[in-house]
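Here is the structure we will look at, set down as structure tokens.
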Amino acid sequence: MKNNSTRNFSTKSFSSSSSSSPRWSEELIQYCEHPETFSANEVYHFDNEFVIITDKYPKAKKHFLVMPRKRIDGIENLKKRDLGMMKKLKEKGQWVIESMKGENPKLKFRMGFHALPSMKQFHMHVISQDFISPALKNKKHWNSFTTPFFKDYEEIENMLKEKEEIKFDKIYYETLLKKPLNCHLCNKKDIKNIPTLKRHLEDHWDDDSSEKSE
DNA sequence: GTTCTAGAAC
DNA sequence: GTTCTAGAAC
């Protein structure tokens with residue numbers, strides 16, 4: 001088998017010939033601009049104002065991104081005037097959660113935002129709290145959803161009501177991502193490594209009790 | 001955001 | 001020797 005590396009013609013003049021941000025960070029934008037071009041597995045729902053996609057690398061059994069189709073670069077570019085959009089965003093999120101709970105009442109959800117998102121285009125995570133998924137692979141993945149790095153919807157809405165700008169300290173929030181692995185359901189702290197954490201999460205899912213002794 | 005992989009940890 | 005993490009990616 002050959003390493004066919006001869007595909008050098010630059011395809012698709014995407015938005016960033018002058019911008020310095022890498023292409024991968026802009027991947028969400030196409031879902032907002034052309035939701036109709038994606039399969040139902042990728043785009044769960046869309047209308048004129050919002051798109052709901054299934055996360056390409058889900059970190060739990062159910063993991064969606066809910067986004068306004070209007071271009072908003074990131075959480076730091078939210079303004080007070082977006083409070084109306086936010087309320088509808090929340091309703092979209094709640095709608096997905098209800099739908100998923102209909103499929104499996106055992107699922108618990110949070111909806112919210114990363115303090116320091118990697119992807120452009122403002123997006124809200126709707127993620128089930130089992131965190132059982134092959135795509136959850138490292139400490140950063142874990143801590144981004146289980147430490148204060150994850151901001152619940154209500155917190156952001158309240159911040160926006162109080163201040164015109166939302167800004168999180170980069171240094172501080174990056175340190176949160178390096179914290180030890182602690183269980184989000186029981187008092188187990190400093191879990192040895194990711195494979196051990198994954199077994200622990202499976203146990204929680206199986207016996208459905210949020211208090212584990214081990 | 002992911003992939004890949006060197007070398008740390010076990 | 002194998003498992004696991006964490007940093008580079010031009």
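Labels below follow one simple rule: chain letters A, B, ... track the order of the sequence lines, proteins then strands, and each chain is numbered from 1. Everything numeric in this text was worked out from a predicted model, so none of it was measured.
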- Message: Given the ring of W205(A), does K106(A) sit roughly above its face, with NZ or CZ under 6.0 Å from the centre of the six-membered ring and within 45° of the axis?
- Response: yes
- Query: Can you tell me how far C1' of dA6(C) sits from CD of E174(A), to the nearest Å?
  - Reply: 14 Å
- Task: Rounded off to whole Å, could you give me the NZ-to-C1' distance for the K192(A) and dA8(B) pair?
- Result: 15 Å
- From dT2(B), dT5(C), dG7(C), pick the nucleotide closest to the side chain of K59(A)? dT2(B)
- Query: Among dG1(B), dG7(C), dT5(C), which is the nearest nucleotide to the side chain of N193(A)?
  - Reply: dT5(C)
- Across every strand shown, the nucleotide meeting Watson-Crick or G-U wobble geometry with dT5(C) (both distances under 3.5 Å) is dA6(B)
- Task: Tell me, please, whether W95(A) has K90(A) positioned over its six-membered ring: NZ or CZ under 6.0 Å from the ring centre and within 45 degrees of its axis?
- Result: no
- Does F50(A) have its ring centroid less than 6.0 Å away from the ring centroid of H45(A)? no
- Could you tell me the separation between the CG atom of L197(A) and the P atom of dC4(C), rounded to a whole number of Å? 12 Å
- Query: K198(A) NZ to dC4(C) P: how many Å, rounded?
  - Reply: 12 Å
- Value in whole Å for how far the P atom of dC10(C) lies from CZ of R23(A): 16 Å
- Can you check the W142(A) CH2 to dG1(B) C1' distance for me, whole Å? 20 Å
- How about H114(A) and Y173(A): are their ring centres within less than 6.0 Å of each other? no
- Given dG1(B), dT5(C), dT2(B), which nucleotide is nearest the side-chain atoms of H141(A)? dT2(B)
- Message: Is the phosphate of dT3(B) approached by K137(A) (side-chain N or O, under 4.0 Å from OP1 or OP2)?
- Response: yes
- Note on the structure: Among the nucleotides dT5(C), dG7(C), dG1(B), whichever has the atom closest to the side chain of M119(A) is dG1(B)
- Query: Is the shortest side-chain N/O distance from K140(A) to OP1 or OP2 of dG1(B) below 4.0 Å?
  - Reply: yes
- Within the structure shown, what part of the strands sits under 4.0 Å from P195(A) by heavy-atom distance: base, sugar-phosphate, or nothing? sugar-phosphate
- Minimum heavy-atom distance between I75(A) and F113(A), given as atom pair plus value: CD1-CB, 3.8 Å
- Item | Gap between atoms NE2 and P, on H114(A) and dG1(B) respectively (whole Å) | 7 Å
- Query: How many Å lie between CG on L28(A) and P on dG1(B), as a whole number?
  - Reply: 11 Å
